[in-house]
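The structure appears right after this line, and notes come after that.
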Amino acid sequence: MAAPGALLVMGVSGSGKSTVGALLASELGWKFYDADDYHSEENRRKMGEGIPLNDQDRIPWLCKLHDILLRDVASGQHVVLACSALKKMYRDILTQGKDGAAPKCKESGREAKWAKIQLLVVHLSGSFEVISERLLKRQGHFMPPELLQSQFETLEPPAAPETFIQISVNKNVTEIIATIMETLKMK
């Protein structure tokens with residue numbers, strides 16, 4: 001694989017995606033997006049009420065994120081995206097669009113030469129107990145700790161042929177960033 005145009009920092013809620021993603025983007029000089037900023041008000045309301053999101057809730061959100069990645073990568077901008085991306089299907093939408101071959105999720109009428117977004121997936125993984133403890137300490141987030149179990153049930157960890165690294169959340173943020181940077185040097 002050529003050097004990735006985008007890095008996806010993924011994992012369940014509370015795994016540290018936003019923190020790691022923002023620090024990594026700063027270290028690399030890349031643009032950072034936190035997928036949580038792009039949820040619809042309806043999605044935020046559901047999660048705030050303790051209702052897990054389903055595929056129908058997530059697909060428009062993922063399409064919006066795909067369009068952002070595609071726009072930035074096509075213009076030569078490298079991107080770090082912090083996004084739960086719990087299922088392989090969700091990660092496929094991020095890189096390929098909704099239908100797997102469509103240039104964009106939105107039909108814009110503008111046909112552009114399109115290549116699959118080269119994405120390195122960084123999976124921040126940890127036990128339910130460790131992440132649950134972190135969530136209980138988190139303040140001011142719309143995702144309540146009660147939904148963590150549904151995230152673990154939905155999670156499909158990355159596997160070949162996806163290009164990914166898995167890093168334990170038991171490491172400190174400095175170690176996590178160093179591991180990712182070392183992996184990027186090898187790409």
Sorted by chain and residue number, the side-chain contact (heavy atoms from CB on, under 4.5 Å) partners of Pro60 (sequence neighbours excluded) come out as none
Partners passing salt bridge (Lys or Arg N to Asp or Glu O under 4.0 Å) against Glu156 (at least two apart in sequence or in another chain): none
Keeping Asp67 on the side-chain end and Lys64 on the backbone end, is there a donor-acceptor pair under 3.5 Å? no
Walk me through whether Leu124 and Val20 qualify under side chain to side chain contact (heavy atoms under 4.5 Å, CB included). CA-CA 9 Å; Leu124 300 178; Val20 169; 4.0 Å; yes
Please give me the minimum heavy-atom distance between Leu135 and Gly14, naming the atom from each residue. CD2-CA, 3.8 Å
Would you compute the distance between atom CD of Gln151 and atom CD of Glu153 and round it to the nearest 0.5 angstrom? 10.5 Å
With no hydrogens and no angle check, is any side-chain donor or acceptor of Glu175 less than 3.5 Å from a backbone partner on Asn172? yes
At their closest point, which heavy atom of Ala25 faces which heavy atom of Phe32, and how far apart are they? CB-CB, 3.5 Å
Which pair of heavy atoms, one from Arg91 and one from Leu86, lies closest together, and at what distance? NH1-O, 3.5 Å
side-chain contact (heavy atoms from CB on, under 4.5 Å) partner of Leu119, the single match among Leu7, Val79, Thr163, Leu8: Leu8
side-chain contact (heavy atoms from CB on, under 4.5 Å) with Phe164: which residues, sequence neighbours excluded? Val121, Pro158, Glu162
Hey, could you give me the CD1/OG distance between Ile176 and Ser15, rounded to the nearest 0.5 Å? 9.0 Å
So how far is it from Leu70 CG to Gln96 CD, rounded to the nearest 0.5 Å? 12.0 Å
Checking Ser84 now: which residues fulfil side chain to side chain donor-acceptor pair (under 3.5 Å) with it, not counting sequence neighbours? none
Enumerate the ring pair (Phe, Tyr, Trp, His ring centres under 6.0 Å) contacts for residues 167-186, please, sequence neighbours excluded, ordered by first and then second residue. none
Spatial distance of atom CZ (Arg134) from atom CG (Leu148) [nearest 0.5 Å]: 11.5 Å
For Thr19, which residues count as a side-chain contact (heavy atoms from CB on, under 4.5 Å) partner, sequence neighbours excluded? Leu23, Val173
My understanding is that only residues two or more places apart in sequence, or in another chain, count here; which of them pass ring-ring contact (aromatic ring centres under 6.0 Å, His included) with Tyr38? none
Under 3.5 Å: donor-acceptor pair, side chain of Thr183, backbone of Thr179: yes
Leu155 versus His123: any side-chain heavy-atom pair under 4.5 Å? yes
At their closest point, which heavy atom of Lys46 faces which heavy atom of Leu53, and how far apart are they? CB-CD2, 4.1 Å
side-chain contact (heavy atoms from CB on, under 4.5 Å) partners for Asp55, two or more places apart: Ile59, Lys87, Met89, Tyr90
Closest heavy-atom contact between Cys83 and Leu65? SG-CD1, 4.0 Å
For Glu42, side chain to side chain donor-acceptor pair (under 3.5 Å) partners two or more places apart: Arg45
Over all heavy atoms of both residues, which pair between Ala6 and Val73 is shortest? Give the atoms and the distance, please. CB-CG2, 4.3 Å
Asn43 backbone acceptor or donor facing Arg58 side chain under 3.5 Å: no
Residues passing the side chain to side chain donor-acceptor pair (under 3.5 Å) test with Ser18, sequence neighbours excluded, are Asp34
Approximate separation, where rounding is to 0.5 Å, of Leu28 CG and Ile177 CD1: 8.5 Å
For Lys17 and Leu81, indicate whether the former's side chain and the latter's backbone hold a donor-acceptor pair under 3.5 Å. no
Rounded to the nearest 0.5 angstrom, the CG-SG distance for Leu94 and Cys63 is 9.0 Å
Residues which pass salt bridge (Lys or Arg N to Asp or Glu O under 4.0 Å) with Lys88, listed by chain and number, not counting sequence neighbours: Asp92
